[in-house]
Chemist: 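Sharing a structure here in structure tokens format.
In what follows, chains carry the letters A, B, and so on, assigned in the order in which the sequence lines appear, proteins first and then strands, with residues in each chain numbered from 1. Model, not experiment: these values are computed from the prediction.
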Amino acid sequence: MRIRFGYVAMALDIIEGSPNKTVTVANLLKVPQEADRLNRLRRLVKKNLENQLRVLKYNKAHEIEVFRVTSKLIPLATHPATAGWDYLSEFHNELDEIGGYAKDNNMRLSAHPDHFVLLNSPKAEVISASLKDLEYHADLLDAMGLNDSAKLVLHVGGLYKDKEPALVRFKDNFKLLPAKIRNRIIIENDDRSYSAADVLKLCKELNAPMVLDVHHHYCCNNGEPLIDLLPDIFDTWQVMQPKLHFSSPKDAKNFRAHADCVNVDDLLNFLRIAKDCVNRDFDIMLEAKQKDRALHALMQQLKGIQGIKIVGQAAIEY
DNA sequence: TCGTGTCAAGATCTT
DNA sequence: AAGATCTTGACACGA
């Protein structure tokens, strides 16, 4: 099996390289002239997009082909304070360059709208805000020229004291999504409410790929062994290369929290399971607080381990 | 210059 | 019913 590794949102080793720069609404509104407010946002976007391209160049230098772009590239994009602002046209060239660079270098980009995006909320206003946020994400990927192989990761959402109707709401709203959004969505198991088995069942019904979060599975399950789930989880990807999320717990007391780096034994345990039940290349998104540094550290630790062949700087054969 | 509280957004647990 | 917590990087403010 060939396995590529990637990381999330920003590279800590790039100095002054954040693509997450932002401003709060309160501070934005302190700027007296409305035109000046927009210009403040434009300066932030310009810097974020510049830094996003720098991150991709850094990734290329380190042979990293799997990366999740931050949701904060355009600050306050869906907030009423910026209503009517056509940032897609203004930054068309920059976005196109970012996507072009990714495509030219065989990079797999994704995004992960944050936990305020809920397709199963009973509140109409939460659903409409979620749609707006999903549209923002899909439009950004479109503007980058990336087809629907560039995915949007979603969780199922809240339990609302009654799981079955909550799942029905998710399914109903999912089916109503515009195709340009729906075709990008992949669904992830979470650490409290919807187990890997729950999400697998859902993904089969919706014909959507499932992104397994291995750490979340150990936080939330009903005793199902991963080895029983993994073949079907990978099957939800059909001809696409499966991707999964991996992290180590911070410590026993904060088991749900992400550690700075990935524990190599945690990974080896998973690789053994995968080797036993699937025979397929896949990608692993590392969700470690030390981001790119955690990836580099993991690759160092994998060197010399029996059965692992290092391929370049961010991939292995196992 | 450094430390701390706050920030667009929701859900859920605690009091 | 209201408040704290989750999670997170960036920023504004005050010491």
Chemist: Within the 3.5 Å criterion, strictly below it, is a donor on Asn20(A) or Lys72(A) matched to an acceptor on the partner's side chain?
Modeler: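 No, no side-chain donor-acceptor pair sits under 3.5 Å.
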Chemist: Sort by first number and list every stem of DNA chain C: at least 3 consecutive Watson-Crick or G-U wobble pairs, both distances under 3.5 Å.
Modeler: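 Consecutive-pair runs (3 or more) involving DNA chain C: B:1-7 with C:9-15, B:10-15 with C:1-6.
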Chemist: Rounded to whole angstrom, note down the P distance from dT7(C) over to dC13(B).
Modeler: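 The answer is 14 Å between these two P atoms.
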Chemist: Distance check, P atoms only: dT8(C) and dT1(B), in whole angstrom units.
Modeler: 29 Å
Chemist: Which part of the nucleic acid does Ser130(A) contact within heavy-atom distance under 4.0 Å: base, sugar-phosphate only, or nothing?
Modeler: nothing
Chemist: Ignoring hydrogens and geometry beyond distance, is a side-chain donor-acceptor pair present between His137(A) and Ser71(A) at under 3.5 Å?
Modeler: yes
Chemist: Specify whether Trp85(A) and Phe91(A) have parallel, tilted or perpendicular ring planes, treating 30° as the upper limit for parallel and 60° as the lower limit for perpendicular.
Modeler: perpendicular
Chemist: Give me the distance, rounded to whole Å, that separates dC13(C) from dA8(B) when you measure between the P atoms they each carry.
Modeler: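 So the two P atoms sit 13 Å from each other.
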Chemist: Check whether any side-chain N or O of His79(A) sits under 3.5 Å from a backbone N or O of Ala81(A) as a donor-acceptor pair, and report yes or no.
Modeler: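 Yes, because the side chain of His79(A) sits within donor-acceptor range (under 3.5 Å) of the backbone of Ala81(A).
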Chemist: Does a donor on one side chain sit under 3.5 Å from an acceptor on the other, for Gln238(A) and Asn207(A)?
Modeler: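 Yes - a donor-acceptor pair under 3.5 Å links their side chains.
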Chemist: Can you name the closest pair of heavy atoms from Leu12(A) and Lys291(A) and give their distance?
Modeler: CG-CG, 3.9 Å
Chemist: Decide if the gap between the ring center of His62(A) and the ring center of His296(A) is smaller than 6.0 angstrom.
Modeler: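 Distance test on ring centres: under 6.0 Å, yes.
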Chemist: Give me the distance, rounded to whole Å, that separates dG5(B) from dA4(C) when you measure between the C1' atoms they each carry.
Modeler: 15 Å
Chemist: Could you tell me whether the side chain of His215(A) and the main chain of Phe255(A) form a donor-acceptor pair under 3.5 Å?
Modeler: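 Yes, the answer is positive, given that a donor and an acceptor are paired below the 3.5 Å cut-off.
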Chemist: In whole Å, what separates the C1' atom of dC11(C) from that of dG10(B)?
Modeler: 23 Å
Chemist: Looking at Glu65(A) and Arg4(A), does any basic side-chain N land under 4.0 Å from a carboxylate oxygen?
Modeler: yes
Chemist: For the pair made of CG in Leu41(A) and P in dA8(B), what is the distance, rounded to whole Å?
Modeler: 12 Å
Chemist: Which whole-number value in Å describes the distance from Phe116(A) CZ to dG10(B) C1'?
Modeler: 6 Å
Chemist: Quote, to the nearest angstrom, the P distance that separates dC7(B) from dG3(C).
Modeler: 14 Å
Chemist: Reading nucleotides 3-15 of chain C from the 5' end, what letters show protein touch, with B for base, S for backbone sugar-phosphate only, - for no heavy atom under 4.0 Å?
Modeler: -----SSSSSS--
